Every structure is written in structure tokens, then in C-alpha cells.
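Below, chains carry the letters A, B, ... as their sequence lines are ordered, and counting in each starts from 1. This one's a predicted model, so the numbers in the text were calculated from it and none came from an experiment.
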2 protein chains.
Amino acid sequence: MARRATHPASSDLDARKATILEAVVSEHIDTAQPVGSSSVASSADLGVSSATVRSEMVSLEREGYLAQPHTSAGRVPTDKGYRYFVDHLASGVLGTVQQHQLSDFFASVRGEVEDVLEQTSTLLSRMTSYTAVVVAATHAHSSILSAQLVNIDARHQLLVSVFSDGSVVKHSLTPPFDVDFETCTEASRQLNALLIGTSLESAVQVPSRQDHVAVLVREAVAALHAAPPTADGERVFIGGSSRVADSFDGVETVRKVLSILEQELLVVSLVQDMLNRGLSVAIGTENGYEPLSACAVVVAPVTIDGATAGAVGLLGPTRMKYQEAMAAASAVSQHLTRHFGGDEENANH
Amino acid sequence: MARRATHPASSDLDARKATILEAVVSEHIDTAQPVGSSSVASSADLGVSSATVRSEMVSLEREGYLAQPHTSAGRVPTDKGYRYFVDHLASGVLGTVQQHQLSDFFASVRGEVEDVLEQTSTLLSRMTSYTAVVVAATHAHSSILSAQLVNIDARHQLLVSVFSDGSVVKHSLTPPFDVDFETCTEASRQLNALLIGTSLESAVQVPSRQDHVAVLVREAVAALHAAPPTADGERVFIGGSSRVADSFDGVETVRKVLSILEQELLVVSLVQDMLNRGLSVAIGTENGYEPLSACAVVVAPVTIDGATAGAVGLLGPTRMKYQEAMAAASAVSQHLTRHFGGDEENANH
DNA sequence: TGTTGGCACTCAATTCTACCGAGTGCCAGC
DNA sequence: GCTGGCACTCGGTAGAATTGAGTGCCAACA
């Protein structure tokens, strides 16, 4: 990875090749058709003929940026070609119409966090015409503000826990004995004393006695600390899954992508994996899921108090409009960050 | 609607026509191809020639049960044809494999109601290879077991209500003043006194004072009684939406159906509408939603203590396997009914 | 050495033709 | 009322011919 000279290092291209590659990619994104040398020669205004472009394309193909569906067709970008494209992309700006759409939305939106995120995913999808994903991170680090045990009936109790991030989680308990009102109230009192201020990560000193109250308390703490309580740890909101049908032509591809989207845990780990790897765009096989090899995914993190609190993402075909998608995703993530991070200032507007 | 004689009333068919119609429908369900007179003549063992079948088919077409894609093609059932078919259907029985699958599932399933219903929808979809819908009815009639106000911070309070059906609902409050711990606790105490035992339908006598506690209490009650609190009133679980891609050929149809499924409120009202009309099957336009005119929907109610507590449904193409679908839906609905209705007996197993 | 116009070549897509065959409608005869 | 027979229709398929976009290569040129 030393000099960059006449023979460019494999990860870099000379100016003309770069221009040609970009022209091919953007035209193919527009038209979904293979791109020929002549249309590149005329659209990109490097003053060369199609023959020259042609020979450059041959070398771009040799280096793996382009591919030919068949001889005597134009070129199509490979995943590597798209990768180069997005890495050298002037980060686009959101259209003013969409900026207003966003501002209006966040200015007027009301209700619970879940509703806001749900609606956000729908909005983002409508703005981009891709499938949108909004992930709200786990509350593992949040502390518990309240833990209450409610007696549904003698054999069923419900532990309702409220976290400092405003999330509420319930856990059913079915102890092997009947529970009367007093026992439940006492257990609830003890749970409150035990749990308030702790987080899910901190260990809790449970009573070791064998009386009903103690058993209840132990069961409750165990349920709370058990792995995914209800699948509420990470919450996913998927908007515009019907867009998948437009984005891909093969029925089989559509089915595969949809069935991935159904598995929300998988979507979460995909997004989180990208954030961990510091990727904001995953193209084709980069995302690591074979059924999504025809897809590109764009993500942008949402941070609250400096910590990652979630993410927004967009899923489309590899020939997606990256500028627009990235601009939209990052704009939405910023709005979300502001919306949930700086409530105080916002309230004064 | 009087005699049924040589000229059958339009809603009824003579035995031979019925046999022919059934043969056409079931073959078309199997093959997805237009059905010709000769294959009917041989499959259905009425001892007549294809010519006779042909003339009967002409009259079935005139009466609207069959249609021809074009001259010199076989016949395809119309919605009316399918309707006759399901109305005169021997109610199928579930295969023993699937019966076991179901029993095993419900014997081993654990966790919160939401998780069970979610998994049920996935199972039902896998069993039938159609898209499954599970609707859990509103808790409007349930009484409130607990209402607690939790102080997130000075400007944010969370009302957490627990209902007798085990559901938990949260409402954010943002009063126009800072709230300290004592005020919140006192408001919470009053809310408990006020709300416990009431249902969402019953009116509540709120305090008319102007102090902070009273204002908080009023806000909380108002939030609780406001129309759809979080969209948690009816809960919908959709399993196997990717099956839509297999069920229909036109991309456009797939998109339309998916985008209906995205609007969960719409799905709820569709199912509820069918239950109200006493329909267990809606074919084509019968469901009332134009984008779903290529679909058939099968529903079965889930009852607890005699009242409708929800429903399960299946959505497929109009040429869906009605017997299987109806058998699966009703079997699942019965399992759910038993699972949530008669917990006590089940626990003794 | 890089660029270019020219030219032969390739190959998917389109069009046209012919033809097959499944299926129909009709009808005369049983 | 049923049937076998027959002419007819028309979508689907197969093959051949044609088109045209686009390529690779090369000799000539600056």
C-alpha cells in the first residue's frame, strides 16, 4: 500500500477510470440496464471517444469493478463497483421538500416512544421508497424506577417493571402455590426495595428463605433477569415492507428478503453488526446474510448522551439511490437524536 | 326463493352441475390451470361424456360460477364458484401430523401472551403455507387491577395500568409544571383508589381541584380514556407475510396485498367485520377491500368465557386449499381457546 | 504512448411464420 | 337427453430470420 503511480494500487483508481466507473454506476442505478461505452463517453464529459472508454472498461472489469451479463451487452457494476462508488460519494443533501416533511413530522408527532418510532419507520420508507428499519436499543443499562407485582388471580402474578428510559416490561409468574393479596403486596414491596436503582446487569441479593413471599420474590427476579424477557429487549419497527416487491424482480428474491425481515432478531443483529464494524453501508454480500446478497443496507446510529441508543436503516436493491438513502437515514437519525435527547429545549419552541 | 324444480333457483344447482363445479374448482386449486371438459368427465365419475359436461359448463358459465380466460381454454372458477364450493364443502379434518404439531406446540409453549400469539401466527403460517393473522381483542371490558404513576424525571411521568386480562398499557404524561417525588406518589395513590376495579368504559369521578396532584390525576385519567392509547388496544400478529410472494404471480398484486398487511388496523377491521357478518370465509371482493380482490380470507373466532376474545385468520389466493385452511384455522382457534380459557385444567396435565 | 475511427463479430431481444393441440360450440343421430 | 363427430379458435411453442446495441481488436494517427 505504498506509491500511487502509473499502476494504481488495486484499491484506488486513476481519475479517468473513477469518472467512468461513477458514470456507469449512476446510469445503471437510474435505468437498471447495462451501460454501454458510448453512453458513458457522451454523458461523462471526459473528452475521449467510446473506444477509449471501452478499453478502460475492460480494465475495470479485470479489476472486478464491473461485470458483463453477456458478451455484447453493456457493463453492470459489481458489489465492489458500488463499494467504490459510495466510498467516493459526495455526501448528498436532502431535498428541501423532504427536509420540511421531516421537520413537520417531528414537530407534530405525539404519543408513546413506540408509536413515534413506528411512524418514523413508515415516514422514512415513504420518503425513500425503500423498506425502513428503526431499531431501539435495549434498556439493559437503564436503571429500574419501579417494580410492581400485580395479582391477576391466585395462580397468576404479573411483574411490571418500569425503566429509566421509559420502557415497561412485564413478566408472568406462576408460582406452585396460591398467592393471596397480602403475600403479593409484601412481595411487591420487597421487590421495589430490592430492584429500584439497579439495572438488569447488576446482581441482586435475593432472600434465601423458603416462605411464599421469598419464593415469589426469587421467581420475579429470575424472570426479570432471564435472557430475552419478552422480545422487548430490542424493539424493531419495519416500515414499508411492501416496497420489497418493487425493489426486486425475481419472486424468489422477494420471498427470501421478506422472510428475513420477518425474523426481527436477525434484522437487529444485522444492523448492530454493521454499527460495530463502523459500516454505514453494506452492499450485497457484505451484510453477511446470503439471502440478502441482492440487497444494500444503509444505517445511521441514533445516539443519546453520547451512547448508541438505536439506529435507523434502509434496505433496498444494490442499485439503490445511495445518496438519497444515506441523506434520509442520517437526517432521520439526527431528528430522532434531537427528539429524544434534548426534550427540554424542544419543549420551549 | 320458492320451489326448487327443473329450473333450479339461482342459488342452488342440480346434483350434476354441482359435481362438475366441484371437480372444476378442486382441479383448478390443484393445478392453477384452466380445467377442460374432458378431464372433468374422467375425474368426476358421473357416467357422461365430455360433450355433456361441456354443455353443463356453458350453463354454469351463464349462471356466473365459471369463466373462460379465452375461447378454447378450459374454465376457471369465479368468486361465486368458489363460494358455492366452500358452502357445500365437507368440513375437512386436520392431518394427524399437523394435529401433533399443534398439540406439541401448545403443550410446550411458554412466556407472555404476546409471545405465544406471535409464535402461533408463525406456526399457523408454516402449517398452511399461507399468511396467518392472529388478533387479540381489546381489553376494553377488562377491569383495571393496578394504576401506577412513575416519575421518569421532573417533566415526565408514566402511567402504567394493568388490566385483569393481564395486559399492561403505558401512557406518557407531560404536565406543564415540575413534579416532585411526593406529588407523584400521592397522585399515584389517588389514581389507584380511583381506577381500580373500573373498566375503560366506565366513567370516573375526577377531582376538580387545581393543585398539582389533581391536575396530574386528571391528565392521567384523560390519557387512559383517550381513544387508542398506544395502538395496543387490539394487538395483531402476522406470521409468514413472505408467503404472499408465493401466493400471487403479479408483482403488483403482491405489493398491494403486502401494503394492506402493513396497515394493521385495517387487518383488524377486516377480520372483525367478517366475524360480525358471521362469515368464516371471504372470497375475492367479499372482503370489501379492492386490493384484496385476488385473496381469500379464512377466519375462526377465539372465545373465552363465551365472549369473543380474538380470532385467527389465514390469507391466501382465491384458489387456496379451503378445507386445509379452515381446518387449520379452527383447530388453532380451539387450541387458543383452551390455552387461555381453561388454564386450570391444563395445569393438571 | 495514448487515442481514435473503423470493422467484424456476438448475442439477447424481437418479429414472423408455421404448427400443434387442448378445448370449445354446434349438430345430426341415437 | 346424451353422444360422437367435426369444424373452429386461439394460446403456446418452436424455429428462422432480423435487428441492433455493444463489444474486441487493429491499424493509423498525433
Side-chain angles (χ1 to χ4, degrees), chain A residues 5-8 13-21 23-25 27-28 30-78 81 249-250, chain B residues 5-8 13-21 23-25 27-28 30-78 81 249-250:
Chain A
T6 33
H7 287 294
L13 297 173
D14 66 56
R16 195 168 68 186
K17 280 212 183 78
T19 313
I20 293 175
L21 177 55
V24 172
V25 174
E27 183 169 337
H28 182 256
D30 273 7
T31 63
Q33 298 293 324
V35 180
S37 57
S38 61
S39 79
V40 169
S42 60
S43 80
D45 56 342
L46 19 80
V48 286
S49 76
S50 65
T52 311
V53 173
R54 221 136 54 213
S55 72
E56 294 286 55
M57 284 170 112
V58 171
S59 104
L60 280 169
E61 182 170 0
R62 216 177 11 236
E63 296 169 41
Y65 295 98
L66 295 178
Q68 254 182 322
H70 56 85
T71 350
S72 93
R75 256 68 172 207
V76 158
T78 60
D249 5 53
Chain B
T6 33
H7 287 295
L13 296 174
D14 65 55
R16 197 168 67 185
K17 281 212 182 76
T19 313
I20 292 173
L21 177 55
V24 172
V25 174
E27 184 170 337
H28 182 257
D30 274 4
T31 64
Q33 299 293 324
V35 180
S37 57
S38 60
S39 79
V40 170
S42 60
S43 80
D45 56 343
L46 18 79
V48 284
S49 76
S50 65
T52 311
V53 172
R54 223 139 49 215
S55 71
E56 293 286 55
M57 284 170 114
V58 170
S59 104
L60 280 168
E61 181 169 2
R62 218 177 11 237
E63 295 169 43
Y65 294 98
L66 295 177
Q68 252 182 325
H70 57 86
T71 351
S72 94
R75 257 73 173 201
V76 159
T78 60
D249 6 53

Chemist: Give the rounded distance in Å between these two atoms: CD of A:E56 and C1' of C:dT1.
Modeler: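 So the two atoms are 13 Å apart, to the nearest Å.
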
Chemist: Quick one: do B:H70 and B:S72 satisfy side chain to side chain contact (heavy atoms under 4.5 Å, CB included)? Show the steps, please.
Modeler: CA-CA 6 Å; B:H70 57 86; B:S72 94; 4.0 Å; yes

Chemist: Quick one: A:Q68 CD to C:dT10 C1', roughly how many Å, whole number?
Modeler: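 It works out to 10 Å between those atoms.
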
Chemist: Could you grab the distance from atom OG1 of A:T52 to atom CZ of A:R16, nearest 0.5 Å is fine?
Modeler: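 It is 6.0 Å, given to the nearest 0.5 Å.
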
Chemist: Pick the nucleotide of DNA chain D nearest each of B:S72 and B:G47; which residue has the one closer to the 5' end?
Modeler: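 Checking each residue's closest nucleotide, the 5'-ward one belongs to B:G47.
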
Chemist: Does the side chain to side chain contact (heavy atoms under 4.5 Å, CB included) test come out yes or no for B:V58 and B:Q68, once each step is laid out?
Modeler: CA-CA 10 Å; B:V58 170; B:Q68 252 182 325; over 6 Å; no

Chemist: For side chain to side chain contact (heavy atoms under 4.5 Å, CB included), just list the numbers for B:K17 and B:E63, CA-CA rounded to whole Å, side-chain angles, deciding distance to a tenth of an Å, and then say yes or no.
Modeler: CA-CA 11 Å; B:K17 281 212 182 76; B:E63 295 169 43; 3.7 Å; yes

Chemist: Determine whether more than 12 heavy atoms belonging to other residues, nucleotides or ligands lie under 6.0 Å from atom CG of B:D30.
Modeler: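 Yes, the 6.0 Å shell around CG holds more than 12 heavy atoms from other groups.
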
Chemist: Both A:R16 and B:T71 contact DNA chain C. Which one's nearest nucleotide lies toward the 5' end?
Modeler: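 The 5'-side residue here is A:R16.
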
Chemist: If we fit an axis to the first five pairs and another to the last five of the helix from C:dT1-D:dA30 to C:dC30-D:dG1, what angle do they make, to the nearest 10°?
Modeler: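 Overall, the helix from C:dT1-D:dA30 to C:dC30-D:dG1 bends by 20° from one end axis to the other.
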
Chemist: Strictly below 4.0 Å: does A:T52 bring a side-chain N or O up to OP1 or OP2 of C:dT4?
Modeler: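 So the side chain of A:T52 is within the cut-off, an N or O lying under 4.0 Å from OP1 or OP2 of C:dT4.
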
Chemist: Using a 4.0 Å heavy-atom cut-off, does A:S50 contact any base of the nucleic acid, only the sugar-phosphate backbone, or nothing at all?
Modeler: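 No contact.
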
Chemist: Going 5' to 3' along DNA chain D, which nucleotides are the first and last within contact of chain B (any atom under 4.0 Å from a heavy atom)?
Modeler: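 Listed 5' to 3', the contact boundaries are D:dC2 to D:dG11.
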
Chemist: Could you measure the distance from the CD atom of B:E61 to the CZ atom of B:R75? Nearest 0.5 Å is fine.
Modeler: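 Here the interatomic distance stands at 4.5 Å.
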
Chemist: Check whether any side-chain N or O of B:R54 sits under 4.0 Å from OP1 or OP2 of C:dC27, and answer yes or no.
Modeler: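 Looking at the OP1 and OP2 atoms of C:dC27, neither is under 4.0 Å from any side-chain N or O of B:R54.
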
Chemist: How long is the gap from CG on A:L60 to OH on A:Y65, to the nearest 0.5 Å?
Modeler: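 That separation rounds to 8.0 Å.
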
Chemist: Verify whether one side chain among A:S39 and A:E27 offers a donor that lies under 3.5 Å from an acceptor in the other.
Modeler: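 Their side chains do contain a donor-acceptor pair, which is all the 3.5 Å distance test asks for.
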
